[in-house]
Q: 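What follows is a single structure, and I will ask about it in a moment.
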Amino acid sequence: TNGFGRIHPGEDPDLSIRLENLGFKTALYSNVKVFHKRRISWSKFYSQVYKFGSVRTILNKWHPETKKITYWFPTFFIIGLIGSIFLFIMGFKLPLMFYAIYFLICFVSAWVNTGNLVVSFLSLIAILIQFTGYGYGFIRSQAKLLFSNKEVEVVFPELFFKKR
């Protein structure tokens with residue numbers, strides 16, 4: 001497999017897919033603990049999930065058998081939310097009410113799981129940032145790949161480690 005590729009983020013799923021394509025078995029070990037550096041600001045978190053969305057389209061291009069409709073969900077969520085806000089302004093309240101119910105469920109779930117109201121409010125901010133960052137990165141990357149005949153490393157140099 002030549003080990004990890006030069007793409008980052010996305011090196012883990014890329015390697016896993018290449019291993020499976022070569023006939024190797026992969027497995028999920030749920031009792032293993034992995035520690036990652038956590039983002040210490042909302043802007044760094046946004047940047048991280050934006051890159052995840054951007055990379056997913058590249059992985060889909062390299063490994064078309066891995067494409068799933070679920071990768072589009074954050075984009076659909078944000079487009080729907082923006083549309084619902086516009087409809088609300090025009091007097092149609094129902095679409096935005098579905099989003100309000102969703103956020104209420106998320107808030108209550110966070111409160112039940114953490115017992116902390118501050119964390120529960122922050123979870124709503126995290127949801128919006130995660131869906132916006134991933135969704136925008138994904139759709140922007142889709143468009144760039146669709147309208148470019150260049151290699152992905154030329155289109156997205158910021159997502160690749162430099163060659164040694």
Side-chain angles (χ1 to χ4, degrees), residues 1-28 34 36-90 92-103 105-106 123-164:
T1 66
N2 293 320
F4 285 109
R6 292 184 31 252
I7 193 166
H8 179 74
E11 67 278 11
D12 297 343
D14 177 52
L15 178 60
S16 296
I17 295 164
R18 288 186 285 120
L19 285 168
E20 286 181 355
N21 288 343
L22 289 171
F24 291 95
K25 300 274 187 221
T26 61
L28 172 65
V34 177
H36 288 277
K37 177 183 177 183
R38 292 292 145 219
R39 303 303 169 233
I40 58 172
S41 72
W42 291 119
S43 64
K44 288 181 180 179
F45 179 57
Y46 175 87
S47 178
Q48 179 185 35
V49 295
Y50 173 84
K51 286 180 182 178
F52 289 162
S54 298
V55 163
R56 176 43 59 189
T57 60
I58 296 168
L59 294 174
N60 287 348
K61 180 180 173 97
W62 289 349
H63 310 288
E65 72 279 7
T66 66
K67 289 182 181 179
K68 296 179 184 175
I69 189 71
T70 53
Y71 299 135
W72 285 88
F73 286 178
T75 303
F76 296 153
F77 182 91
I78 293 303
I79 290 171
L81 180 58
I82 293 167
S84 295
I85 292 168
F86 281 118
L87 288 171
F88 183 83
I89 291 168
M90 295 182 344
F92 300 101
K93 296 180 173 135
L94 187 60
L96 193 58
M97 293 303 295
F98 287 116
Y99 281 91
I101 292 168
Y102 172 77
F103 283 112
I105 291 168
C106 292
S123 73
L124 302 181
I125 296 169
I127 289 168
L128 283 172
I129 290 172
Q130 185 166 7
F131 284 3
T132 302
Y134 187 100
Y136 179 61
F138 184 82
I139 196 70
R140 185 172 182 265
S141 182
Q142 284 285 131
K144 285 177 90 170
L145 284 179
L146 181 65
F147 296 112
S148 175
N149 291 327
K150 299 176 184 174
E151 293 293 318
V152 293
E153 292 185 33
V154 173
V155 179
F156 305 101
E158 71 280 5
L159 298 177
F160 290 87
F161 293 119
K162 301 213 184 314
K163 291 182 181 178
R164 293 182 189 190

Q: Can you tell me how far the OH atom of Tyr46 sits from the NZ atom of Lys51, to the nearest 0.5 Å?
A: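 Tyr46 OH to Lys51 NZ: 12.5 Å, rounded to 0.5 Å.
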Q: Give the minimum heavy-atom separation between Pro13 and Arg56, together with the two atoms involved.
A: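 For Pro13 and Arg56, the tightest heavy-atom pair comes out as CB-NH2, 4.3 Å.
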Q: Is there a side-chain contact between Phe103 and Leu128 in this structure, where contact means two heavy atoms from C-beta onward sitting under 4.5 Å apart?
A: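 In contact.
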Q: Checking side chain to side chain contact (heavy atoms under 4.5 Å, CB included) for the pair Phe52/Val55: CA distance, chi angles, key distance, verdict?
A: CA-CA 5 Å; Phe52 289 162; Val55 163; 6.0 Å; no
Q: Flag the pair Val152 / Ile7 as yes when at least one side-chain heavy-atom distance between them is below 4.5 Å, and no otherwise.
A: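 A side-chain contact under 4.5 Å is absent here.
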Q: Give, for atom OH of Tyr134 and atom CD of Gln48, the distance between the pair rounded to the nearest 0.5 Å.
A: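 These two atoms lie 12.5 Å from each other.
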Q: Would the number of heavy atoms belonging to other residues, nucleotides or ligands and lying under 6.0 Å from CZ of Phe161 be above 12?
A: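 Check passes, neighbour count above 12.
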Q: What class does the angle between the rings of Phe131 and Phe77 fall in, given that below 30° is parallel, 30 to 60° is tilted and above 60° is perpendicular?
A: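 Perpendicular, since the angle between the ring planes exceeds 60°.
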Q: I want to check something: taking the side chain as every heavy atom from C-beta on, are Ile78 and Tyr136 in contact at a cut-off of under 4.5 Å?
A: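 No. Closest side-chain heavy atoms not under 4.5 Å.
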Q: Which atom pair, heavy atoms only, marks the closest approach of Lys144 to Val155?
A: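 In terms of heavy atoms, the two residues are closest at NZ-O, 3.7 Å.
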Q: Just do the side chain to side chain contact (heavy atoms under 4.5 Å, CB included) check on Leu145 and Phe156 with the steps written out, would you?
A: CA-CA 9 Å; Leu145 284 179; Phe156 305 101; 3.6 Å; yes
Q: If you define the side chain from C-beta out and look only at heavy atoms, does anything of Arg18 sit under 4.5 Å from His63?
A: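 Arg18 reaches His63 side chain to side chain.
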Q: So, does Ser47 use its side chain to make a donor-acceptor pair with the main chain of Ser43 at under 3.5 Å?
A: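 Such a contact is absent between Ser47 side chain and Ser43 backbone.
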Q: Under 30°, 30 to 60°, or over 60°: which ring-plane class applies to Trp72 and Phe76, parallel, tilted or perpendicular?
A: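 The rings of Trp72 and Phe76 lie parallel, inter-plane angle below 30°.
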Q: How about Glu158: does its CD atom have over 12 heavy atoms from other parts shown lying under 6.0 Å from it?
A: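 Yes, because the 6.0 Å sphere around CD of Glu158 holds more than 12 heavy atoms from other groups.
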Q: What's the separation between atom CD1 in Ile17 and atom CG in Asp12, rounded to the nearest 0.5 Å?
A: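 So the gap between those two atoms works out to 10.5 Å.
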Q: Within this structure, what is the CD-OG1 distance for the pair Glu20 and Thr1, rounded to the nearest 0.5 Å?
A: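 Here the rounded value is 12.5 Å.
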Q: Got more than 12 heavy atoms from elsewhere within 6.0 Å of CG, Leu22?
A: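 Counting other residues, nucleotides and ligands, CG of Leu22 exceeds 12 neighbours.
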Q: Looking only at non-hydrogen atoms, find the nearest pair between Ser16 and Thr26 and report the distance.
A: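 That closest heavy-atom pairing would be O-CG2, 4.3 Å.
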Q: Check whether any side-chain heavy atom of Leu59 lies under 4.5 Å from a side-chain heavy atom of Trp62, and answer yes or no.
A: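 Yes, their side chains come closer than 4.5 Å.
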Q: What's the shortest heavy-atom distance between Leu15 and Gly3, and which atoms?
A: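 Heavy-atom minimum between the residues: CD1-O, 3.6 Å.
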Q: How far apart are the closest heavy atoms of Leu159 and Ser54, and which atoms are they?
A: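 So the minimum-distance heavy-atom pair works out to CD1-CB, 3.8 Å.
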Q: For Phe88, I'd like to know if atom CZ has over 12 heavy atoms of other residues, nucleotides or ligands within 6.0 Å.
A: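 Counting neighbours around CZ of Phe88, 12 or fewer heavy atoms of other residues, nucleotides or ligands fall under 6.0 Å, so no.
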Q: Over all heavy atoms of both residues, which pair between Thr75 and Gly135 is shortest? Give the atoms and the distance, please.
A: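 Scanning both residues, the minimum pair turns out to be OG1-O, 2.9 Å.
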Q: To the nearest 0.5 Å, what is the distance between CD on Gln142 and CD1 on Ile58?
A: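 Between Gln142 CD and Ile58 CD1, I get 10.5 Å after rounding to 0.5 Å.
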Q: Please examine the side chains of Glu65 and Asn21, heavy atoms only from C-beta on, and report whether any two atoms are closer than 4.5 Å.
A: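 A side-chain contact exists here, since the closest heavy-atom pair is under 4.5 Å.
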Q: Apply side chain to side chain contact (heavy atoms under 4.5 Å, CB included) to Phe138 and Asn60, showing your working.
A: CA-CA 11 Å; Phe138 184 82; Asn60 287 348; 4.1 Å; yes
Q: What's the spacing between Cys106 SG and Ile127 CD1 if we round to 0.5 Å?
A: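 Cys106 SG to Ile127 CD1: 3.5 Å, rounded to 0.5 Å.
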